[in-house]
Amino acid sequence: MYFKAWLNYDGELNENVRDYFQAVFSNYESNVFSKVNRQMYLHAMEEVKAAANSFLGKKPDEYDFIMNEENFTVIEEKYENTEEQKWKRGILLYYVPENQDNEESLSTDGAYEIKQYLDEEKRFDLWTVRASGGRGILYGTYALIRQAICDGKLTDTGVVKPSLALRMLNHWDNLDGSIERGYSGNSFFFSKNQILVDERTAFYARLLASVGINGVVINNVNVKDMATRLISPLYYAKLREMSELFAGYGIQLFMSLNFAAPMELGGLSGCDPLAEDVVRWWKEKMQEVYREIPNLGGFLVKADSEGRPGPFTYGRTHADGANMLAKEIAPYGGLIIWRCFVYNCKQDWRDKKTDRARAGYDNFMPLDGKFLDNVILQIKNGPMDFQVREPISPLFGGLRSTNQMLEVQIAQEYTGQQRHVCYLVPMWKEALDFHTYCKESDDRVQDIIKGKTFGGRNCGMAGVANTGDDPNWTGHDLAAANLYGFGRLSFDNNLSSEEIAREWISMTFPRTPIVMSNLLYILMNSWSTYEHYTSPLGIGWMVNPSYHYGPNVDGYEYDRWGTYHRADCKGIGIDRTSKGTGYSTQYQKQNAMMYEDVATCPDELLLFFHRILYTDRLKSGKTLIQHIYDTHFEGVEEVKEFIRLFCQLEGVLSEDVFQRILNRLTEQLSSAEEWRDVVNTYFYRKSGIEDEKSREIY
């Protein structure tokens, strides 16, 4: 059993909107289906019917389908020729051939327009979803339903185009059914080394299509053991079935690839990307894979990082490795997405110039312009590893001749693991809006990953998924806001965090003022609250090694010779300026100067870029040590306020949902209190400085 998340469509609508869903459902046959994906079109029709069923509380007595092969004029005549009242209102899914679209281009994949068609004599009143492709019809249908639920009315949209060409999820699912960094149960793609394609798979595709996701990587980036065999006859039939199911919802299937497959699967002695036998093996393998799975979008590759194999072993570059694969996949329209999460986990931290934050830029900037056009570099939002606060990776604005994709983590590995509420859309919004100063205009991260800044053709945004086989999909019911939010924000970069939160609440819970106000407050304050009781001023990493949950101030797992944050009795922080590790110099001049100077460096990143004494004063006027004490006490009080507000929803939310969320919030409070006590005690004992407010610190 699983819940319908934001597709439950429950609740009453105003009478005017209900009439449209009760009325006419139109369909097209024959030559139109040769141009529009039939399955996507039918899924859009089914979605309108599903919404009508829920909105009306029962099935309408009869659905009427107008079969038509021509264009809107013919439909108008059909309406004029009927005298039946039921034909006067309706919802029309309308295919627009590109050469007939004289208003504004709908040719962009996924573009749509919602428009009212009302004749002067008011003989009929139609709401049309107009598009020139199957994805547009599908996305426009979901948008129309979203309007009906969230706004209580239907409105013209003008032409709506996706902000980004690629809007992808990366699942870290293993074939045995486990999920690396999974906090919502087991995989619903795999179990006991078998691929699952069932009703839940289909519903998941619905969820993703409803927010505009168009690509899914189904397996873990750390490909090993049986997962290497995904590109073998053992799994082709099921993968083809899954790819066809996804295609009906406008989603392309991708897989993670083991760079060492020629050795582990093909029996070769090595996997040198320039060796003739390796190139030949991949050429034949790609022919085989695409013969069996023609809808496959391509492969995600993690190489030469954290023990994963890659081209470094053979003295080759990332460009050598990526281009070899890209060349062999190009005839099939496939993409190679190459992760930039590359660093040496065995580096010597005793060297003050050693800095993991530098690794991505140091590895990939020298290769700018050397990658083929069907290679995309997938770059994490920050230079480290999905911490609650990091600066934006300097690769954005540095790379100018390479396709780039922003990678964020929907799964809350370092932000509470879906046991704490932490709405991450504001973080991603900051990343998208960040000015890199690589050009005088169009210099934001979102401009770069649109291809607007440097003309990149294959660009987009990827999110590490937070779903599993738990009935509510995401473990914590409120964590579903991050999955919904990633889809909506990647489809429309201009949406605000609050707009997305309001939509999700309206689509998921009873539409009452108290539900909206209280849940909105919790979501919109949750990121800063989590930051308050965990990580002061960008320092990060103070978690238990390996499993990354709970406080351990000295717990950074790869620092064998000290602490990541370099705290001693006088101060804390890492000098990443030109006088320290030099990391700040990787940014364009304006940002490099901002981070270089303590006076201009944003306080929230101060300890990321500078070493600060406990007695130094911040822009707030507080000393550093007092800021640490205060924020950790404040964070606990903020969680208590979350619980107070949430308890007001008892009896409004269903009992099972209410109890699940309350249990999570209760755990969050206990954990926040532990964080407060552990962190404050640590720094009190390090510094010997009393809390100015005389609160109890052990």
Side-chain angles (χ1 to χ4, degrees), residues 343-362 382-391 393-394 414 531-546 548 550-587 592 594-619 622-632 675 678-689 697:
Y343 69 99
N344 178 9
C345 61
K346 297 181 180 180
Q347 57 197 336
D348 188 344
W349 283 79
R350 290 171 292 190
D351 182 350
K352 292 185 178 180
K353 289 290 184 180
T354 297
D355 187 0
R356 174 173 165 180
R358 292 183 56 101
Y361 190 96
D362 287 344
M384 301 298 277
D385 193 12
F386 301 130
Q387 299 302 293
V388 70
R389 179 73 68 174
E390 293 185 48
S393 170
Y414 291 97
E531 184 177 17
H532 284 164
Y533 62 76
T534 57
S535 302
L537 306 178
I539 199 62
W541 294 111
M542 298 190 299
V543 294
N544 286 301
S546 299
H548 303 163
N552 186 332
V553 183
D554 291 337
Y556 182 54
E557 55 206 307
Y558 294 133
D559 192 347
R560 297 173 177 81
W561 299 282
T563 60
Y564 168 79
H565 47 70
R566 306 295 195 273
D568 60 20
C569 63
K570 295 181 179 179
I572 182 176
I574 302 172
D575 184 355
R576 287 194 167 97
T577 69
S578 58
K579 297 177 182 178
T581 72
Y583 169 75
S584 66
T585 65
Q586 294 182 335
Y587 289 89
M594 174 181 67
Y595 293 136
E596 183 83 4
D597 190 341
V598 171
T600 56
C601 183
D603 269 358
E604 64 268 20
L605 290 171
L606 193 61
L607 300 183
F608 192 96
F609 283 98
H610 297 275
R611 180 166 180 78
I612 304 297
L613 301 180
Y614 296 121
T615 53
D616 286 346
R617 294 200 176 270
L618 308 178
K619 295 179 181 67
K622 292 182 181 182
T623 62
L624 171 60
I625 191 66
Q626 194 59 43
H627 172 87
I628 292 173
Y629 294 154
D630 285 352
T631 53
H632 283 79
W675 271 97
V678 169
V679 174
N680 281 348
T681 297
Y682 178 94
F683 286 106
Y684 170 65
R685 292 178 179 177
K686 279 281 188 185
S687 68
I689 300 174
I697 299 176

Got a donor-acceptor contact below 3.5 angstrom from the [X] side chain to the [Y] backbone?
X: His610; Y: Tyr595; value: yes
X: His565; Y: Ala567; value: yes
X: Arg358; Y: Thr581; value: yes
X: Ser584; Y: Arg576; value: yes
X: Glu390; Y: Met384; value: yes
X: Glu596; Y: Ser578; value: yes
X: Gln387; Y: Trp541; value: yes
X: Thr681; Y: Val678; value: no

Report yes if some heavy atom in the side chain of [X] is under 4.5 Å from a heavy atom in the side chain of [Y]; otherwise report no.
X: Gln586; Y: Ser393; value: no
X: Asp385; Y: Arg356; value: yes
X: Asn680; Y: Ile628; value: yes
X: Leu618; Y: Leu537; value: yes
X: Pro602; Y: Lys619; value: no

Discussion item. To check you understand the geometry: which heavy-atom pair defines the closest contact between Thr585 and Gly582, and what is its length?
Written reply: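 Nearest pair, atom of Thr585 first, then Gly582: OG1-O, 2.5 Å.
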Discussion item. Can you confirm whether or not the ring centre of Tyr583 sits under 6.0 Å from the ring centre of Phe609?
Written reply: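 Ring-ring flag for Tyr583/Phe609: true, centres closer than 6.0 Å.
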Discussion item. Please enumerate all residues that pass side-chain hydrogen bond (donor to acceptor under 3.5 Å, both in side chains) together with Asp568, with sequence neighbours excluded.
Written reply: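 Arg611.
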